[in-house]
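Note that the numbering runs from 1 along the sequence shown for the chain.
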Amino acid sequence: MTTPHRRARRMAPAQRRAAIIEAARPLVMRHGSAVTTRQIAEACGIAEGTIFRVFPDKESVVHAVVAEVFDPAPTLRALAAVDRGLPLRARLVAATAVLQERLSDVFGLLDVLGWFRPPEPEEVEQRSQLPAAVNDALRAAIADIVGPDEHLLRVPAPELAHVLRLLTFAGTHPKISDGRLLAPEQIVAVVLDGLATTTTEDAPC
C-alpha cells in the first residue's frame, strides 16, 4: 500500500526545481534513464504531479541532473577553498581529490546513461559549461593553487595543471585505469617526483 504524500510545502518555482533535481540526482546516478517520476517524487516528498508543474517530462529532469553534474562551479569553489597555507604537495593532493570527486560523478553518470561522450555544446545550459571553458577554468584554478611556489617547478604552473588533469583523468577512469584507480597522493607523486630512481644523466647506458 502506498502512503499518500502530504501536500507539498509551497515553494517558488526555482526552489522547487532545485529540490527536485537534488532528490533526483542520486536516483539518476543509480538507475539512469530508467528512473521513474514516482521514485523522484517519493524521494522529494511530493506528489508525482508536482514534478510536472516545473518540468515538462521525466527526460527534462534527467537532463537537468546531467547539467548539474557537469556544472564546474562546485568544483571551482572547492578548488578555491583549498588551504593556501599548506605545503605545495599537500595543496596539490587536496586539489586532485576535488578533481577526482567531479570525475567520478561524471564517469558514473555517463556509464549509467550508456553515453560514451559528454553532452554536446548545444546540450549544455550555460556557456561556462562548454568543454573549452571548463578546461581553461580548471587549469587556471590549479595554477592558482600552485601560486608563489611555481619557482619550485621545472615547468610553468599552467603546464603542471595540464599534466595533473590528464593523469587524474586517466587514473580516475575505471576503464582507462583497468580498475586500478590512482589515489590523489600517487598522482601528485608522479607529477612532482616522476617514477625514476635516478635522472637520465645518472642512469647507466
Using a 4.5 Å cut-off on heavy atoms from C-beta on, say whether the side chain of Val190 contacts that of Leu182.
-> no
Over all atoms of both residues, closest heavy-atom pair of Val98 and Ala78 = CG1-CB, 3.7 Å
Do Arg102 and Val134 touch side chain to side chain, with heavy atoms closer than 4.5 Å?
-> yes
Do the side chain of Arg91 and the main chain of Leu86 share a donor and acceptor less than 3.5 angstrom apart?
-> yes
If you look only at pairs with a residue in residues 18-28, which of them pass as a side-chain hydrogen bond (donor to acceptor under 3.5 Å, both in side chains), with sequence neighbours excluded?
-> Arg25-Glu68, Arg25-Asp105
How about Leu99 and Ile142: do any of their side-chain heavy atoms sit closer than 4.5 Å?
-> yes
Show your working on side chain to side chain contact (heavy atoms under 4.5 Å, CB included) between Val191 and Leu92 and close with a plain yes or no.
-> CA-CA 10 Å; Val191 173; Leu92 292 178; 5.7 Å; no
Is there a side-chain contact between Val61 and Thr37, using heavy atoms and a 4.5 Å cut-off?
-> no
Could you tell me whether the side chain of Asp83 and the main chain of Gly85 form a donor-acceptor pair under 3.5 Å?
-> yes
Validation row: Leu110, Phe70 side chains within 4.5 angstrom (heavy atoms) | yes
For the residue pair Leu88 and Leu153, establish whether any side-chain heavy-atom pair is separated by less than 4.5 Å.
-> yes
Let me have the donor-acceptor pairs involving side chains of residues 167-174, under 3.5 Å, with sequence neighbours excluded, atom names and distances please.
from	atom 1	to	atom 2	distance (Å)
Thr168	OG1	Leu164	O	2.6
Thr172	OG1	Gln100	NE2	3.0
Thr172	OG1	Thr168	O	2.6
His173	ND1	Lys175	N	3.1
His173	ND1	Ile176	N	3.3

Hey, does the side chain of Glu159 reach the backbone of Pro156 with a donor-acceptor pair shorter than 3.5 angstrom?
-> no
CD1 on Ile187 to CZ on Arg165, rounded to 0.5 Å | 12.5 Å
Is Ile145 reachable from Val155 through a run of I, L, V, M, F, W or Y residues, each pair having side-chain heavy atoms under 4.5 Å apart?
-> yes
Shortest non-hydrogen contact from Ala19 to Cys44?
-> O-SG, 3.7 Å
Non-neighbouring partners of Phe52 that pass ring pair (Phe, Tyr, Trp, His ring centres under 6.0 Å), sequence neighbours left out = none
How far apart are the closest heavy atoms of Val69 and Met29, and which atoms are they?
-> CG2-SD, 4.4 Å
Can you tell me how far the CD atom of Glu42 sits from the OG1 atom of Thr36, to the nearest 0.5 Å?
-> 7.5 Å
Is a side-chain donor or acceptor of Arg17 paired with a backbone partner of Val54 at a separation under 3.5 angstrom?
-> no
Report the distance from atom CG of Leu79 to atom CZ of Arg77, rounding to the nearest 0.5 Å.
-> 11.0 Å
So, for Arg16 and Thr50, which heavy atoms are closest and what is the spacing to 0.1 Å?
-> NE-CG2, 3.9 Å
Where do Pro74 and Asp71 come nearest, in terms of heavy atoms and distance?
-> CD-O, 3.4 Å
Contact summary for Val65 and Ala24, nearest pair of heavy atoms = CG2-CB, 3.9 Å
Can you find a pair of side-chain heavy atoms, one from Val28 and one from Arg30, that are under 4.5 Å apart?
-> no
Is there side-chain contact between Leu160 and Val146, with at least one heavy-atom pair below 4.5 Å?
-> yes
Can you get from Ile21 to Val112 by hopping between Ile, Leu, Val, Met, Phe, Trp and Tyr side chains that sit under 4.5 Å apart?
-> yes
Counting N and O atoms only, with roles assigned by atom type, does the side chain of Arg84 sit under 3.5 Å from a partner on the main chain of Val82, one being a donor and the other an acceptor?
-> yes
Within a reach of under 6.0 Å around CD of Glu150, are more than 12 heavy atoms found that belong to other residues, nucleotides or ligands?
-> yes
